[in-house]
Each structure stands twice: as C-alpha cells, then as structure tokens.
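Working notes for the structure below.
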Amino acid sequence: MKELLRDALTDSLKSLKEQYDVDLSTIKIEVKENKEKDFGDFSTNLALVLSKKLSEQPKKIAEILLGELDKKEFIDRIDIAGPGFINFFLSQTSRTEILKTVNKEKNKFGFSQKKEFESDKILIEYVSSNPTGPLHVGHGRGAVFGSVLSSILRATGNQVDEEYYVNDQGRQVEILSLSVWLRYLMIFNQINLFPNNCYQGTYIEELAEELERDYGEKFSITKEIENQISQMLQLDMEEEALDGLISQSKEALNESFDEIKSFALNRILKNIEGDLKDFGVKHNSWFKESTMFRADKDKTPLIYKALDSLQAKKQLYEKDGALWFRSTDFGDEKDRVVKRENGATTYFASDIAYHANKYDRGYSKIINIWGADHHGYLPRVKAAMSALDEDTDKFEVVFIQFANLIRNGKKLSMSTRAGEFISLSELIEEVTSEAARFFYINRKGNQHLDFDLDLAKEQSKDNPLYYIQYAHARICSVFDKLEENKKSYKESIAIDSLDQLNSEQEIEIQKLLSQFPEVVIRSAANYEPHLICYYLRNLAGTFHSYYNNEKILVEKESTLQARLFLISAVRQVVFNGLTILGISAPKTM
RNA sequence: CUCCUCGUAGCUCAGUUGGAUUAGAGCAACUGCCUUCUAAGCAGUGGGUCGCAGGUUCGAGUCCUGCCGAGGAGGCCA
C-alpha cells in the first residue's frame with residue numbers, strides 16, 4: 001500500500017519538476033502510517049521537504065502535488081493539514097486487501113525475496129565462548145540474539161552462515177588441560193592439592209573421572225615426577241609459577257598432554273553444542289583457531305599468511321623483542337603486539353588471520369556478536385582489516401549487554417571465578433527454552449536486561465510470551481468450536497464478505513497485519529530482533545480486545561465467514577512471527 | 001584521565017530513522033466485567049518540565065556541543 005502511494009507521488013513529483021525546473025532526483029519520498037485516525041491512514045511530509053528547495057510555501061506545494069495526484073481507486077480522500085502534510089484516507093476495499101495477501105502467502109507472509117540486488121551472503125559469528133567450561137547464563141543472550149538475527153536476515157532474503165569461533169589454542173586451554181590432569185592425579189592420590197587459579201567447576205572433576213574411565217592409568221606418573229610436581233603446587237600460585245607448572249607437565253607427559261587437551265576440548269565442545277541445541281541455537285560452522293596454525297598441503301598457515309601480508313605492507317615493526325602492528329595509523333589508541341618476545345603469536349594475531357579469512361570466503365557482510373566487555377577490542381580489529389585493504393563497511397559488530405537474573409525481585413549474583421554460576425542448561429530447565437529465548441530477545445541488545453525468572457515461568461497475561469501464544473491458541477480454539485457446532489469455514493464466501501469488516505477494531509487489526517513485513521525488514525536493517533516481540537505483543541493485545549468485544553461465531557453467515565477470515569490472518573501472522581523467533585505457536589494451552 | 005553504551009510514568013521498557021491539539025505499552029494502585037468462541041482474558045481511572053543547559057530548523061524524546069548521573073572498556077590475557 002505504501003508502495004502504491006509512493007509510486008503515485010513519484011509521478012506527481014515529475015510534473016512538479018517541469019514547473020519549477022529544479023533537480024529533485026535526490027528527494028526521498030517518505031510515506032508514513034498515522035497513529036491518529038483523524039489524520040487518515042497515511043501521510044507524507046513531501047511538501048514540507050520540498051518547500052526549502054523550491055522556496056515556496058509548503059501548503060502551496062501540497063496543493064500542486066495534490067492536483068497532480070490522480071484520484072486512485074484505492075484512495076478515498078486526500079487532505080492537506082497542519083503545516084503542509086498530505087493525508088491519505090484509504091478506501092474500505094483497499095484495507096481488506098491485506099487479508100487476502102496473508103491468506104495467499106501463508107507461511108511466506110512477511111518474508112521477502114530480494115529482487116533488485118543480489119541477496120547478501122552474510123556471516124554471523126556468535127557465542128564463541130572459550131571451550132574451557134560449560135555455557136552459563138551470561139552466554140545465553142548473545143546466543144539467542146545471534147540465532148534470531150540470523151533467522152530475521154534469512155527472512156529478508158539473505159543467505160546466512162552461523163559460525164562459532166573456537167579458541168582451542170593458547171594459555172587458557174593449557175590451564176584447562178592441566179586442571180583436568182591434576183584432578184585425574186588426585187583420583188590416584190598422587191597429589192592432594194588443587195591450585196586456586198586452575199578451573200574450579202565440578203565439571204573438571206567429572207572430566208577427570210571420564211579420563212580415568214577411558215584411559216585408565218595411562219597419564220599417571222612416577223614417584224620422581226610426583227615429587228617434582230608436588231613441590232611446585234601451591235594453593236595460591238603466581239601466574240608465572242602456573243606457567244612453569246604447565247611446561248613441567250608437558251615435559252612429563254610428552255604427547256600425552258595434547259591427548260588430554262583434545263580429550264577435554266572435545267568433551268566440552270560436545271557439551272556446548274548440546275546446550276545450544278536444547279536452546280534452539282544451531283551453528284552450521286565451527287571454526288577452530290588451531291586450523292590457522294596448520295600448514296595444509298605445504299601452504300603457509302593462515303596466521304603467518306596474515307602476518308606476512310601486514311609485513312609486506314610495512315605495518316609491522318619490532319620493539320623490545322616483540323613484533324608490533326601499527327594500529328595507531330588506523331585510529332587505534334596504541335600499537336598492538338602480534339608476536340610476543342617468546343615467539344608465540346597473540347590472540348589478536350589469530351583474530352587478524354581469522355577475520356582476513358572471513359573476507360577471503362567472500363561474504364558481503366561480516367557480523368560479530370560480542371559481549372559489551374569486548375568493545376575496546378573493536379578498533380584494533382578494524383585497524384587490521386583497514387591495513388589489509390579490506391572494506392571495513394562490510395564488518396559490523398553488535399555489542400550485547402549482560403543480563404541480570406532476578407528471582408523474588410532480587411538480583412542473583414554470580415562469580416565465574418569461584419565456579420558459582422548458573423549454567424545455561426539449568427536456566428532452560430527452570431523456565432523452558434522458549435521462555436528463555438523470548439525474554440533474552442525482548443529488549444534492545446545494547447540495553448541492560450533484567451531477566452525475571454518468576455515472570456518467565458508465570459502463565460498469565462503479565463508474561464508477554466504466554467499472552468502472545470494464547471492469542472494463537474484462542475484462535476485455534478474458535479475454529480475447533482466452529483466444527484463442534486457443525487459449521488465450516490468457507491474461504492470463498494469470506495472473500496466476498498469482507499465489507500463486513502469495518503468496525504474500528506477490525507480496521508486496527510488489518511492495519512497491524514499490514515505492518516508485519518515492514519517490522520521484519522526494519523528489525524533486519526537495524527539488527528533489532530526485539531521489534532518483532534513488541535509487534536507481536538501489540539497484535540495479540542489488539543486481538544484479545546477484539547475477541548472480548550465481538551463474538552466471532554455469529555449466526556449471520558457473511559459476518560461469520562469474514563470474521564473467521566480476519567482471525568485466521570491474525571493466527572497466521574502470530575505464527576510467522578513466533579517462527580522467526582524460533583518459538584512454537586501452540587494450538588491449545 | 002581517554003573511549004564506548006545509556007538516562008523517557010513509582011518499576012520494567014517501546015518510541016516507525018526529525019513530524020501534527022494530547023510522548024506510548026506492560027507491571028504496580030484503584031474500579032467494573034465469567035449461565036457466552038479458553039476470565040491463562042477484557043474495559044476504565046490516576047500517574048511525565050523525555051537527566052540539565054544551550055545550539056541546528058518550518059518542527060527535537062530523536063541530530064550537535066557542554067555539564068550531571070549510571071554501567072562497561074582501556075594487558076607481550078583470552
């Protein structure tokens with residue numbers, strides 16, 4: 001409908017151009033929906049925008065435009081109001097068009113295909129938590145956000161890949177391996193002390209037990225090494241001492257250290273993947289940091305390839321024995337180390353190579369979902385991409401704020417350090433996966449979120465998810481009742497009876513339905529999934545109100561069929577919206 | 001100290017990319033509505049100097065600057 005109005009305005013703009021001889025090609029025609037029904041269904045501020053360019057009174061321009069606007073059949077009336085707004089009043093038949101559209105497009109309504117441009121190939125990287133422990137509630141919000149955003153971007157006609165970047169390299173993973181091994185040795189009573197800066201969770205002990213079950217005594221040690229290790233062990237160790245212990249362990253175990261490492265990593269990753277699956281989150285690609293260090297088919301490993309090309313562009317220099325990247329030349333606050341004095345590359349170096357690889361894979365958009373605590377990290381990654389002559393406009397990062405869990409009106413405190421965290425799987429078990437998804441996404445991502453556990457479990461109108469799902473169930477139930485009454489729904493009669501739908505609420509519902517495609521597009525363009533939640537809440541509310549006000553199963557056949565047609569469109573749109581959010585639309589509740 | 005995100009009703013938050021007498025929801029508070037298609041719901045009432053001060057223009061909750069306040073970030077950690 002908006003399109004039709006815009007087309008009509010474009011035509012009248014052309015003739016205006018002839019009169020004034022001014023270039024109007026840059027003018028953007030905006031057609032807006034009105035909230036106040038006294039002002040009509042739609043309006044445009046075109047005359048106001050033009051007034052400066054033409055140095056003419058807006059009202060006069062509006063009149064000229066209006067004169068040029070042929071009275072289209074879908075328009076009932078056109079007014080000029082206020083300082084120069086042009087208001088359009090739609091005819092009754094054009095309003096009900098939307099119902100036919102929904103009825104025709106069904107599951108596809110609100111989903112668009114891109115015509116003018118080729119669809120974008122988009123990579124979304126999200127979650128990417130370190131594989132050193134199970135996912136906790138802190139990861140939940142980013143997980144749902146990424147998964148719903150992917151779904152929204154697909155709904156608007158793009159091809160989307162969802163990727164998890166696995167940091168299976170570096171110190172944290174070595175501490176993990178060490179932690180598992182030490183717990184394992186404790187099973188054999190070879191040591192009896194566990195350092196505080198090793199990983200504390202009970203899952204480490206479980207991994208150690210599994211290790212013992214699968215490998216028996218394979219990783220136990222001689223008395224001599226036992227003494228060496230015990231001597232180094234302290235409850236409170238310096239970080240350096242811990243590194244010493246890691247090298248000592250590597251020496252004692254040789255290749256077996258890597259065996260423990262990959263055992264622990266695989267178990268934890270499997271666990272993470274399972275938790276995500278239970279949460280309705282599925283990545284189709286798992287990119288391991290370690291793959292960038294492999295020299296496949298005599299090719300230079302990706303990490304060195306990236307560093308070499310920075311080197312070739314003279315963006316690296318040596319200082320204090322380390323290798324630095326001139327990120328300040330590209331707007332970063334200070335230069336960053338890519339290779340340490342000890343020869344090891346940094347995490348940042350991996351990230352440079354990883355992001356360069358994303359570009360190499362030919363994506364037209366590269367989106368990262370990061371926790372808000374990483375925001376200081378963005379300038380250096382951007383700097384690196386600029387230095388490599390990549391188009392940084394393709395690269396976008398969405399920062400997600402942390403969520404507080406609220407129970408009995410009080411914040412739950414969490415400390416990762418002491419292993420006191422609520423795991424994601426515990427949360428899902430408590431409130432169900434769907435409620436968790438909805439509550440995480442029901443807020444702008446860059447906003448702090450209070451997640452009220454009690455509310456998420458509540459089955460009443462206060463819980464927006466139940467309220468929305470209930471609208472769907474209610475409509476289904478009306479159709480069930482219809483059959484019980486030995487009546488049936490006949491679309492052909494309905495389509496001929498749409499003139500029955502002209503109460504205020506019926507018009508309001510049709511307006512809302514026609515907004516759905518725009519809401520999806522807007523939430524895709526701005527990366528704002530919460531808009532869909534708010535939209536559905538709104539639609540459900542309008543329906544519940546209508547339901548209470550007007551009996552649907554009435555005697556008069558034309559009215560009955562028309563109302564059924566209307567609510568079945570509502571049901572379809574609620575269903576489509578929930579589908580995008582990855583949430584089910586139950587038939588009964 | 002520098003940089004990010006933010007500040008809207010008692011609480012939790014929206015606000016269609018700068019639009020129209022009257023800035024919207026939901027909680028919470030008060031008042032009504034079940035012999036009826038699900039009351040798991042609906043209708044109504046009260047509640048605001050959009051943090052403060054300037055600026056940009058026909059027009060600002062929305063854009064710019066400066067203050068005030070909240071949270072976060074600034075490692076040869078990942």
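Atom set for the values below is all heavy atoms of this structure, side chains included, hydrogens, waters and symmetry mates excluded. Lettering of chains follows the sequences in order, A, B, ..., and the numbering in each one begins at 1.
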If you check the [X] side chain, which of [options] turns out closest?
X        : options                : result
A/Asp320 : B/rU16, B/rC76, B/rA78 : B/rC76
A/Trp324 : B/rU16, B/rC76, B/rG74 : B/rC76
A/Tyr547 : B/rA78, B/rG19, B/rC37 : B/rC37
A/Ile552 : B/rA78, B/rC37, B/rG72 : B/rC37
A/Arg336 : B/rU5, B/rG19, B/rG74  : B/rG74
A/Leu531 : B/rG15, B/rU16, B/rA78 : B/rG15
A/Asp373 : B/rA39, B/rG72, B/rG15 : B/rG72
A/His375 : B/rA73, B/rG15, B/rU5  : B/rA73
A/Tyr534 : B/rC13, B/rA39, B/rA20 : B/rC13
A/Val337 : B/rA40, B/rC76, B/rA20 : B/rC76

On the nucleotide [N], are OP1 or OP2 found under 4.0 Å from the side-chain N or O atoms that [X] carries?
X        : N      : answer
A/Ser545 : B/rA43 : yes
A/Lys32  : B/rG19 : yes
A/Tyr467 : B/rC42 : yes
A/Lys334 : B/rG75 : yes

Quick one: label [X] by what it contacts on the DNA or RNA (base, sugar-phosphate, nothing), any heavy atom closer than 4.0 Å.
X        : value
A/Phe479 : nothing
A/Glu550 : base
A/Ile475 : nothing
A/Tyr466 : nothing
A/Ala322 : base

Taking atom types as they are modelled, is there a donor-acceptor pair under 3.5 Å from the base of [N] to the side chain of [X]?
X        : N      : result
A/Ser350 : B/rA78 : no
A/Asp462 : B/rG26 : no
A/Asn87  : B/rA20 : yes

A/Pro131 side chain reached by A/Ser129 side chain, heavy atoms, under 4.5 Å: no

ask   = When you measure from the side chain of A/Tyr126 to the backbone N and O of A/Val144, does any donor-acceptor pair fall under 3.5 Å?
value = no

Side chain A/Ser545, main chain A/Gly541, donor-acceptor under 3.5 Å: no

Open item on the list: Under 6.0 Å from the ring centre and within 45 degrees of the ring axis: does the NZ or CZ of A/Arg571 meet both conditions for the six-membered ring of A/Phe479?
Closed with: yes

Give a yes/no verdict on a cation-pi contact between A/Arg77 and A/Phe88, requiring under 6.0 Å between NZ or CZ and the six-membered ring centre and an angle within 45° of the axis. no

